Amino acid sequence: AMRHLPYFCRGEVVKGFGRGSKELGIPTANFSEQVVESFPSDISTGIYYGWACVGNGDVHKMVLSIGWNPFYKNIKKSVETHIIHTFKEDFYGEILSIVITGYIRPEKNFDSLEALISAIQEDIEEAKRQLDLPEHLKLKEDNFFHLPERKMLNNH
């Protein structure tokens with residue numbers, strides 16, 4: 001899982017399945033299919049952590065899941081980012097820049113919504129701990145997160 005890390009990625013935030021916020025209380029940002037398809041095909045599915053930035057905003061800790069969506073009969077991989085920060089409003093259409101710095105665990109199935117939610121909460125705590133380590137912390141300051149203003153305008 002670590003061979004491709006840190007992995008830098010940027011793309012537009014699109015509407016996902018609407019499950020994260022509603023059922024789990026854990027909002028996630030979804031990348032478009034093109035961005036997901038640009039990921040290395042051999043990157044392991046599972047839960048990762050790293051840094052995320054919306055538009056030219058601040059850089060926040062995040063947890064990311066790379067996985068198969070049973071809804072699509074396992075042909076489409078989805079990449080969902082949960083930014084560990086409370087945003088006042090949705091940011092569909094914004095550019096999300098992420099750096100994936102580490103791997104937490106493989107994908108797994110859960111017997112209940114409660115079990116899933118508690119696993120995600122544990123993933124979030126683990127991500128917070130890992131991202132405070134100097135080798136991960138330094139990526140928060142990476143130039144990748146400083147989008148030139150001009151670039152932003154071209155994307156709209």
Side-chain angles (χ1 to χ4, degrees), residues 1-55 57 59-87 90-133 135-140 142 144-145 147 155:
M2 304 305 282
R3 198 162 58 81
H4 293 291
L5 303 184
Y7 183 74
F8 294 78
C9 172
R10 173 177 291 141
E12 191 177 333
V13 177
V14 299
K15 281 210 190 289
F17 302 97
R19 285 186 308 234
S21 304
K22 291 186 189 65
E23 290 180 21
L24 305 174
I26 299 161
T28 58
N30 295 63
F31 279 124
S32 69
E33 257 172 57
Q34 293 90 313
V35 175
V36 175
E37 281 162 12
S38 72
F39 269 66
S41 55
D42 59 342
I43 198 165
S44 308
T45 58
I47 310 301
Y48 292 81
Y49 56 83
W51 300 102
C53 170
V54 178
V59 179
H60 300 288
K61 294 177 177 181
M62 64 80 170
V63 178
L64 173 121
S65 109
I66 298 177
W68 296 102
N69 216 298
F71 184 77
Y72 279 128
K73 311 237 185 318
N74 300 356
I75 41 178
K76 287 267 181 268
K77 208 183 262 183
S78 79
V79 175
E80 300 182 41
T81 305
H82 168 68
I83 303 174
I84 304 172
H85 175 75
T86 306
F87 289 91
D90 287 337
F91 44 84
Y92 297 119
E94 292 275 359
I95 299 297
L96 174 64
S97 304
I98 63 167
V99 177
I100 304 172
T101 62
Y103 179 74
I104 299 180
R105 62 174 174 84
E107 266 194 303
K108 55 177 188 262
N109 276 326
F110 294 93
D111 300 331
S112 67
L113 204 53
E114 289 72 32
L116 170 60
I117 291 170
S118 92
I120 296 172
Q121 297 297 356
E122 281 166 34
D123 297 336
I124 290 171
E125 291 312 310
E126 177 65 11
K128 287 178 178 170
R129 280 194 297 275
Q130 294 292 338
L131 289 163
D132 282 336
L133 300 173
E135 67 267 28
H136 297 306
L137 208 48
K138 68 170 193 282
L139 281 156
K140 182 182 183 177
D142 199 277
F144 177 73
F145 287 119
L147 284 180
N155 285 323

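FYI, side chains are in, hydrogens and waters are out, and symmetry mates aren't considered; it's all heavy atoms of this structure. Quick caveat: nothing in here was measured; it's all calculated off a predicted structure.
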Query - Spacing of NZ belonging to Lys140 relative to CG belonging to Leu131, to within rounding of 0.5 Å - result: 9.5 Å
Report task. Identify the heavy atoms of Tyr103 and Gly46 that sit nearest to each other, and give their distance. Result -> CE1-CA, 4.3 Å
Which donor-acceptor pairs under 3.5 Å do the side chains of residues 110-125 make with protein atoms, sequence neighbours left out?
unit_1, atom_1, unit_2, atom_2, d
Ser112, OG, Ala115, N, 3.1
Ser118, OG, Ala115, O, 3.4
Asp123, OD1, Arg105, NE, 3.0
Asp123, OD2, Arg105, NE, 3.2
Asp123, OD2, Arg105, NH2, 2.7
Glu125, OE2, Lys128, NZ, 3.4

Query - Pair Tyr48 and His4, ring centroids less than 6.0 Å apart - result: no
Report summary line: Correct closest heavy-atom pair for Ser97 and Phe144 would be CB-CE2, 3.8 Å
Query raised in the report: Do you know which two heavy atoms are closest between Ser65 and Ile47, and how far apart they sit?
Result: CB-CD1, 3.6 Å
**Report entry** Those residues that, when tested against Lys61, pass salt bridge (Lys or Arg N to Asp or Glu O under 4.0 Å) (two or more places apart)
**Finding:** Asp132
Report task. Side-chain contact test, heavy atoms from C-beta onward, threshold under 4.5 Å: evaluate it for His60 versus Ile84 and give yes or no. Result -> no
Query raised in the report: Distance-only, no hydrogens or angles: does the Trp51 side chain make a donor-acceptor pair with backbone N or O of His136 under 3.5 Å?
Result: yes
Query raised in the report: Hey, what do you get for OH (Tyr7) to OG1 (Thr101), rounding to the nearest 0.5 Å?
Result: 14.5 Å
Query raised in the report: What distance separates Leu5 CG from Ile43 CD1, expressed to the nearest 0.5 Å?
Result: 6.0 Å
**Report entry** Residue pairs involving residues 41-55 (criterion salt bridge (Lys or Arg N to Asp or Glu O under 4.0 Å); sequence neighbours excluded)
**Finding:** Arg3-Asp42
Query raised in the report: What's the shortest heavy-atom distance between Phe145 and Cys53, and which atoms?
Result: CD2-CB, 3.5 Å
**Report entry** Spacing of CD1 belonging to Ile104 relative to CD belonging to Glu126, to within rounding of 0.5 Å
**Finding:** 5.5 Å
Query raised in the report: Side-chain contact, heavy-atom cut-off 4.5 Å: Leu96 with Thr81?
Result: yes
Requested in this report: Give the minimum heavy-atom separation between Phe91 and Val13, together with the two atoms involved.
Outcome: O-CB, 3.7 Å
Query raised in the report: What heavy-atom pair brings Ile98 and Ala52 nearest, and what distance separates the two atoms?
Result: CG2-CB, 3.9 Å
Requested in this report: Dump the intermediate steps for side-chain contact (heavy atoms from CB on, under 4.5 Å) on Val79 and Val35, then the final yes or no.
Outcome: CA-CA 9 Å; Val79 175; Val35 175; over 6 Å; no
Query raised in the report: Less than 4.5 Å apart, any side-chain heavy atom of Cys9 and any of Phe31?
Result: yes
Report task. Starting at CD of Glu94, measure out to CD of Glu12 and round the result to the nearest 0.5 Å. Result -> 9.0 Å
Query raised in the report: Atom CD1 in Ile100, atom CG in Leu139: separation rounded to 0.5 Å?
Result: 12.0 Å
